[in-house]
Amino acid sequence: MGNSSQPVPRPRAAVNPPQTDLSGGNTLDCLTAQYRPGWSLPGGFYSDANVYRADLEQVWRRGWLFAAHSCEIPKPGDFITLSVDADSLIVIRGEDGLVRGLHNVCRHRGSLICAEPAGHAHRLVCPYHQWTYGCDGTLMACRGMQPELDKSQFGLRSFPTREVEGLIYFNLAEDPIDFSPAETVLADIARPQGLTRAKVAKAVDYLVHANWKLVWENNRECFHCNVNHPQYIKANFDHYNADDTTPRVKAEIADAVRRGKEKWAAAGLAPTRDQSGMTLFPDAEHNIWFSSNRTPLVDGYFSESMDGKQVAPLMGDYKEADVGTLRIRTLPNFWNHSSCDHAVSTRLLPAGPEFTAVRVLWLVHQDAVEGRDYQLEKIMPFWQLTSEQDWQICERQQRGVNSSAYLPGPYSSFKEYNVDSFVQWYMKLLARH
Amino acid sequence: MGNSSQPVPRPRAAVNPPQTDLSGGNTLDCLTAQYRPGWSLPGGFYSDANVYRADLEQVWRRGWLFAAHSCEIPKPGDFITLSVDADSLIVIRGEDGLVRGLHNVCRHRGSLICAEPAGHAHRLVCPYHQWTYGCDGTLMACRGMQPELDKSQFGLRSFPTREVEGLIYFNLAEDPIDFSPAETVLADIARPQGLTRAKVAKAVDYLVHANWKLVWENNRECFHCNVNHPQYIKANFDHYNADDTTPRVKAEIADAVRRGKEKWAAAGLAPTRDQSGMTLFPDAEHNIWFSSNRTPLVDGYFSESMDGKQVAPLMGDYKEADVGTLRIRTLPNFWNHSSCDHAVSTRLLPAGPEFTAVRVLWLVHQDAVEGRDYQLEKIMPFWQLTSEQDWQICERQQRGVNSSAYLPGPYSSFKEYNVDSFVQWYMKLLARH
Amino acid sequence: MGNSSQPVPRPRAAVNPPQTDLSGGNTLDCLTAQYRPGWSLPGGFYSDANVYRADLEQVWRRGWLFAAHSCEIPKPGDFITLSVDADSLIVIRGEDGLVRGLHNVCRHRGSLICAEPAGHAHRLVCPYHQWTYGCDGTLMACRGMQPELDKSQFGLRSFPTREVEGLIYFNLAEDPIDFSPAETVLADIARPQGLTRAKVAKAVDYLVHANWKLVWENNRECFHCNVNHPQYIKANFDHYNADDTTPRVKAEIADAVRRGKEKWAAAGLAPTRDQSGMTLFPDAEHNIWFSSNRTPLVDGYFSESMDGKQVAPLMGDYKEADVGTLRIRTLPNFWNHSSCDHAVSTRLLPAGPEFTAVRVLWLVHQDAVEGRDYQLEKIMPFWQLTSEQDWQICERQQRGVNSSAYLPGPYSSFKEYNVDSFVQWYMKLLARH
C-alpha cells in the first residue's frame with residue numbers, strides 16, 4: 001500500500017509510450033531491452049517461461065524468503081513444508097530449539113519425505129525405504145544399504161534459516177546475502193508486537209492466477225484503494241497522496257502522526273517517522289529489500305477490523321489499543337500488518353509463470369481462546385476482503401498484459417513511485433543473469 | 001456444408017499417399033513442404049505451437065472477423081467483449097451510433113477494463129486506477145497521474161470495424177485488406193432477412209477440443225451429413241452430389257430451384273444462382289473469403305426446424321415462409337443459416353492449438369416474444385443437434401490427427417472440393433509467413 | 001518385487017554422490033552424461049519433454065507391449081482400443097480368429113475410427129465419412145471417392161501382434177525385435193494357469209502422476225514392502241534379502257521351496273528355480289525384457305488374498321490350491337501375479353512425461369459366476385491395496401525428483417540390484433538415440 005503526504009520522488013515526464021520491438025524474439029534480452037524506468041514492464045515479463053526461470057534463479061533462489069511464524073513450529077520436531085516452484089522444503093525446529101531448513105528430497109531415490117503441510121517428528125523418515133534423518137538432516141539410519149556407504153555424505157541438503165522475533169526466513173543460495181541488516185530493523189520494530197508469543201488463529205491459501213510481480217506491484221501502491229478497498233481506506237491514510245490531499249486531511253494526518261509519536265514514545269514503542277505511511281520501498285539502488293514502520297490509524301480506529309474496534313486481547317507488550325499499525329515487508333515474499341490485537345501476514349510463493357501461491361495468516365495472542373476472547377468473523381474480514389479484492393485485480397491485470405496489444409504504461413510519480421522502485425529493484429536482480 | 005448437382009471441380013488422381021519426412025524437425029517449413037494439394041494437411045498443422053502462432057499472425061490478425069450482431073449492441077454504450085487467443089477485445093457502439101473496436105487493455109498498467117462478456121457503459125473505466133476512456137477509446141481522465149502526461153498519447157488501442165446489415169466485423173491488422181467487396185455481397189443478400197431488426201433469442205458457447213481448421217474443414221462439405229446429421233438432411237439438398245444423385249432427385253432439386261427463383265424474384269428477394277447449394281467457396285486463387293446465397297429447402301420445409309414448420313414470426317421483409325435458406329459464410333470465423341423465421345449464426349475464435357471457442361446464436365424478429373411467438377425448444381434443436389454432432393466429429397478427428405501414425409489422405413473430388421479449397425486458401429495465407 | 005535369499009549381485013561401493021552439472025542445458029546428452037550405474041537417474045529423466053520423446057521412440061515404439069488378455073476379445077470382431085501416448089490403437093480379432101493391430105486413424109482425413117475402449121464390429125467404419133475397413137485393416141469401401149482411387153493403398157496402418165497362452169502383445173516398430181524367445185518362456189510357464197480359459201472379473205484404471213520409469217523402479221524391488229505393503233508381505237517372501245534374513249526365516253523359505261518343487265513337479269507344473277523369489281530381471285547386458293517363475297507363498301497362504309484362503313474356483317490345469325504364485329513380467333509395460341484361483345495383470349501405458357496410465361485386471365476361471373463362485377470384495381483388495389500403495393509412493397517420488405535439489409542416490413546392492421538392472425537396461429535402449 002502507498003502512503004500519504006509523501007514528497008514526490010523522481011518526477012518523470014511521460015511523453016510517448018515506448019515502442020515494442022519483438023522482431024528479435026521473445027527472449028529475456030529482448031524483453032529487457034524494451035524496459036524503460038518509470039514505465040510498467042513489457043508483457044513477456046509476466047508470462048514467458050524463460051523469464052520465470054530467471055526469476056527463480058535470480059530472485060527466489062537468492063533472496064531471503066519468509067517461511068513461517070515461529071509459533072507455527074514452537075516445539076522441537078515441529079515442522080512445516082512449503083514449495084518454491086518445484087522445490088519442496090522442510091522448515092523444522094531441532095532438538096536444540098534452532099530452526100533448520102532441509103530439502104524435502106530423500107538422498108536415496110528422491111522421494112518426498114514429508115507429504116503433509118505441517119507436522120511433528122522426532123526423526124524424518126522417508127516413507128519409501130525408511131532412510132532416517134535427524135532434525136538437522138543428518139542421515140542416521142539407512143537399513144538395507146551396503147555397509148560401506150558413508151552416511152556422512154548423504155544428509156538431507158540443507159539451507160540457512162534465520163529466526164527473528166517470531167519470523168522465520170530461509171535462503172536457497174549457495175552463498176546467501178547478509179541477513180543481519182534486515183534482522184536489526186525487523187527485531188527492533190517487531191518486538192513489542194509479541195509475535196513470539198502469538199498463535200495462528202487462521203490460515204487461508206490462495207492460488208492466484210497472476211505472476212508474482214503483479215502481486216507485488218499491486219501491493220506497492222494505494223492508488224487503487226479508493227475504489228477497490230472500501231474497508232481498508234476507512235482505517236488507513238495510505239490512499240492520500242501529495243497531489244490530492246486537502247489541507248483538512250493533511251492537518252488530520254499531521255495530528256494523528258503527532259499524537260502517535262508522543263503516545264508510542266511514552267509507551268516505550270519504537271519511534272516512527274515524522275510522516276505517516278511507509279518509507280520509500282524498496283530501494284533499488286542500495287538493494288534494500290526489507291522495511292518496517294509504525295503508522296497511525298484513522299481517528300477512532302484501534303484495529304484493522306471492519307469497525308475499527310478491538311477484536312482480540314492485546315498482543316505483545318501493548319498496554320493499550322492505540323498503537324496504530326505496525327507494518328513489515330520483505331522482498332520477494334512477505335508483508336505483515338499488525339494491529340494492537342491481531343497480526344496478519346501474507347506469504348507469496350511462485351507456482352508457475354502465471355501463478356502465485358499465497359497464504360494469509362491471522363495471528364492473535366497465544367493465550368487468546370477462540371469464541372471466548374476473539375471470533376474469526378471479527379478478526380478476518382478486513383484483510384480477507386482486502387486480499388481477495390487484490391487477487392481479483394491481479395488476475396484481471398494478468399489477462400490484460402497477456403494481450404499482444406498490451407503496451408507498457410507510465411507510472412504516476414505521485415502514487416506509484418514504489419511500484420517503479422519495485423520494478424527497478426527487480427530489473428537490477430535480473431541483470432545479474 | 002456441401003451442395004448438390006455440383007460439377008466436379010479439379011478432379012485429381014489419388015494414387016499413393018504422400019510420404020511424411022519429419023527428420024528435419026516439426027518446423028513450419030518442414031510441415032509446409034509435406035503438404036500436397038488435394039490431400040489433407042500433415043498432422044502438425046493441427047497441434048504444433050508454431051503453426052498456431054503463424055495462424056494467429058497470418059489468418060486471425062489479418063482477416064476480417066465476425067464479432068457480433070448489431071442487435072447485440074443496439075444502443076450507444078452497449079458493448080460486448082471477445083477474445084482472439086489471448087487478445088481481449090471490446091466492440092462498443094459510440095454516442096454517434098458507430099461501432100468501434102478497442103483493445104480491452106488499459107494503457108496505464110495493462111489491466112483488463114471490461115471483465116464481463118457484455119454490458120453498457122457511458123465511459124470505459126479501468127477498475128484498477130480508474131483511467132477513464134470514451135466509447136471511442138480516447139483517454140478522458142487519469143486522475144492521480146502527473147499533469148504533463150499527454151493524454152492524447154494514451155487512448156485505448158483501436159481497430160477498425162464494419163457494420164453491414166446487422167453484422168459487425170473487425171480487423172486486427174495494421175493495414176487491413178479491403179472490406180468493400182464483402183460488404184456489397186453481404187448487404188444485398190442479407191437485407192431481406194432483417195437482421196438489423198432482430199434480437200438474440202439464445203446463445204450457446206462451446207469450447208471445442210479441436211483446431212479451428214478442423215472445424216472449417218467439417219463445415220466445407222456435406223459428405224458426412226448422411227450418417228451424422230439425420231435432421232439436417234431432411235431439410236436440405238447439400239448431401240446430394242454429382243456422383244450419386246439419382247435422376248429423380250436431380251429433377252426434384254431442379255424443380256425446387258426453379259420454383260424458388262420464380263417466387264423469390266417476384267417477392268423482391270435477391271436472385272439466387274441456377275444451382276441449389278452454395279457456390280464454390282472459398283476461392284484460394286482470388287482470396288474470396290466471403291460468400292452468400294439463397295437456396296431452396298426440401299419440399300414441405302419452410303424453416304430449418306425439426307419438422308420443417310415455421311417456428312417464429314416472419315423476419316425482415318419476408319411476406320411468406322417459402323424463402324428457402326439464406327446462407328452466409330466469411331472466413332475465418334463465421335457462418336449463418338437463415339430461415340424465414342429465424343437465423344442461426346456461428347462464430348469461431350481460436351483458443352489454443354487444439355481448442356476453438358464457438359458461439360452459436362439464434363435470432364428472431366425483434367418484436368417476437370418468447371413463449372407467445374416462439375419457443376426455444378422449437379427453434380433450437382435443428383442447429384443445436386447439427387452443431388454438437390459436428391463438434392464431436394471434430395474432436396474425434398483431432399485425436400486421430402494427433403497420432404504419429406496419421407498420414408494425410410485424399411479428398412473426394414466429388415464431395416470435398418471445398419475442403420480442398422479451404423486448405424489451399426489457408427496455405428496461401430500462411431505462405432506470407 | 002524383489003526376492004529372498006538372493007546372492008548379492010554386483011556389489012558396488014557408494015562413496016560420493018555424483019555431481020550434477022546442468023550448465024550445458026537440460027538436454028538428453030547432458031542428462032545421459034550425468035548418469036552413473038548403481039545410482040538413480042538424474043531428475044530430468046523423469047520430467048523432461050525431450051527425454052519423454054526419446055522414451056517413446058526408443059522404448060515404447062520398439063518393444064513388445066502387452067495389449068490385453070485373449071479373453072477380452074474372444075470372438076472374431078471383438079476389439080479393444082488403447083493409447084501409447086497420442087497414438088490410438090485398435091487390437092481386434094479377425095474372422096480367421098487371428099488378432100491384429102491397427103492404427104485407429106482413418107486413412108481419409110485422420111478421424112479416430114473407434115472412440116470406445118472396447119467393442120465388437122464386423123467392419124470398422126469411420127464415423128466421419130464411412131470409409132469401411134475389414135478387421136485386417138483392408139479398405140473395403142469408400143463411397144463418394146473418385147473411382148481411380150486405389151483402395152489397396154489406403155488400408156489402415158497395421159502393426160504386428162502375438163498371442164501366447166492368453167496374452168496379447170504388439171509392436172509398433174518398423175522392424176520389430178524377435179518375439180520368439182519370450183514366447184517360449186511365457187508359454188511354458190503360463191499354460192497351466194489357463195489364461196486362455198479365463199475371464200476378466202474386474203478392471204480398474206488409474207492415471208498415476210509419475211513417469212513410467214518410476215513405476216517400474218518401484219516394481220523392481222521389495223525393499224519398500226515391509227512398511228508400505230502390510231498385506232503383501234504376509235503372503236510372500238519377497239521382502240527377505242540376503243543381508244537381513246534370519247536362519248529361521250531362511251529355513252522356512254528353503255522348506256517352502258523344497259515342498260513346492262516336489263509338489264509342483266508331481267502335479268505336472270513347470271519346474272521352478274531352486275530359490276524362491278524371481279530371477280534377476282531385467283538383464284541389461286543381454287536385453288532380456290521378459291521373465292517368469294513360480295514361487296511358493298508363505299505357509300498357510302493358498303492365494304494372494306487378504307487371509308490367504310482360496311477366493312475363487314481353481315483356474316487352468318490346477319488340481320489343488322497349493323501352487324504358489326506364478327509371476328510374469330515383460331518390459332516395458334506388463335506384470336502379472338497369478339494364484340491358483342485368480343490372476344492379476346497390470347498394464348502400463350505412457351501418458352506424458354509425468355503421467356502413466358495403469359490398468360489393473362483381475363481374472364478368474366471363465367465359468368466362475370460372480371456372487372456364486374467368487375466375490376469381488378474377496379479377490380480384489382490384496383492387489384488393489386498393494387497397487388494403490390505403490391502409486392502413492394511413485395507420485396511422492398515424482399514430486400521429489402522434480403526438485404532442483406534432487407541428486408541421484410545410491411542403490412542398495414542387497415535389495416535394489418533389479419532397479420539398477422532396469423535403469424541400465426533403459427539407458428542401453430536410450431543410447432541408440
Side-chain angles (χ1 to χ4, degrees), chain A residues 2 8 10-17 22 26 38-43 45-47 210 214 217-218 221-228 239-244 354 389-390 392-417 419 423, chain B residues 49-50 53 56-57 60-61 81-90 101-116 124-133 137 139 142-159 170 172-174 350-352:
Chain A
V8 180
R10 297 182 297 280
R12 184 176 293 113
V15 189
N16 287 316
L22 289 168
N26 201 24
W39 296 73
S40 66
L41 287 167
F45 279 100
Y46 302 112
S47 57
L214 294 179
E217 290 167 24
N218 171 265
E221 46 92 354
C222 209
F223 189 6
H224 68 277
C225 293
N226 271 302
V227 168
N228 289 284
H239 55 300
Y240 294 117
N241 283 274
D243 62 322
D244 56 1
E354 296 189 19
Q389 287 152 357
D390 281 332
Q392 188 184 20
I393 285 171
C394 294
E395 293 186 342
R396 237 167 9 212
Q397 192 181 6
Q398 179 73 53
R399 289 177 63 194
V401 298
N402 280 353
S403 170
S404 71
Y406 162 73
L407 288 175
Y411 290 131
S412 165
S413 54
F414 298 114
K415 297 170 191 294
E416 294 172 301
Y417 43 86
V419 182
V423 171
Chain B
N50 290 320
R53 272 194 291 272
L56 290 176
E57 290 310 316
W60 290 92
R61 295 204 185 108
T81 59
L82 72 165
S83 291
V84 175
D85 191 60
D87 294 358
S88 182
L89 311 170
I90 301 169
L102 303 170
H103 283 280
N104 191 11
V105 180
C106 185
R107 291 296 303 280
H108 178 212
R109 277 165 59 190
S111 174
L112 226 56
I113 293 170
C114 302
E116 328 81 71
L124 297 171
V125 182
C126 177
Y128 206 162
H129 305 94
Q130 290 72 54
W131 279 36
T132 300
Y133 304 89
L139 178 59
C142 55
R143 198 176 146 171
M145 297 301 295
Q146 41 275 48
E148 67 270 28
L149 184 140
D150 177 2
K151 284 206 282 288
S152 73
Q153 298 295 314
F154 293 94
L156 291 181
R157 297 182 75 177
S158 66
F159 48 86
F170 66 97
L172 297 177
E174 296 278 314

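A, B, ... follow the sequence lines: proteins, then strands. Residue 1 opens every chain. Please read these numbers as outputs of a predicted model, since none were measured by experiment.
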| Which region of A:Ser403, side chain (C-beta onward) or backbone (N, CA, C, O), has a non-hydrogen atom less than 4.5 Å from a non-hydrogen atom of chain B, or is it both or neither? |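 Both backbone and side chain.
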| query | Does any heavy atom of chain B fall under 4.5 Å from the side chain of A:Gln398, the backbone, both, or neither of them? | reply |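 Neither the backbone nor the side chain of A:Gln398 comes within 4.5 Å of chain B.
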Looking only at heavy atoms and a cut-off of under 4.5 Å, which of [options] has the most pairs with chain A?
options	result
B:His108, B:Arg109, B:Arg143	B:Arg109
B:His129, B:Gln130, B:Arg61	B:His129
B:Ile113, B:Val105, B:Asp87	B:Asp87
B:Pro147, B:Pro127, B:Ser88, B:Ala115	B:Pro127

| Short side-chain to backbone donor-acceptor contact, B:Gln146 and A:Ser413, under 3.5 Å |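 It does hold such a pair.
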| message | As a quick check of understanding, evaluate side chain to side chain donor-acceptor pair (under 3.5 Å) for B:Arg53 and B:Asn50, giving each step before the final call. | response | CA-CA 5 Å; B:Arg53 272 194 291 272; B:Asn50 290 320; 2.7 Å; yes
| request: Please examine the side chains of B:Pro350 and B:Val84, heavy atoms only from C-beta on, and report whether any two atoms are closer than 4.5 Å. | output: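 Sidechains of B:Pro350 and B:Val84: in contact.
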| said: Could you check whether any side-chain heavy atom of B:Cys114 comes within less than 4.5 Å of a side-chain heavy atom of B:Leu124, counting everything from C-beta outward? | reply: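 With C-beta onward as the side chain, the pair touches.
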| message | One pair to check against side chain to side chain donor-acceptor pair (under 3.5 Å): B:Tyr128 and A:Asn218. What are the steps and the verdict? | response | CA-CA 9 Å; B:Tyr128 206 162; A:Asn218 171 265; 3.1 Å; yes
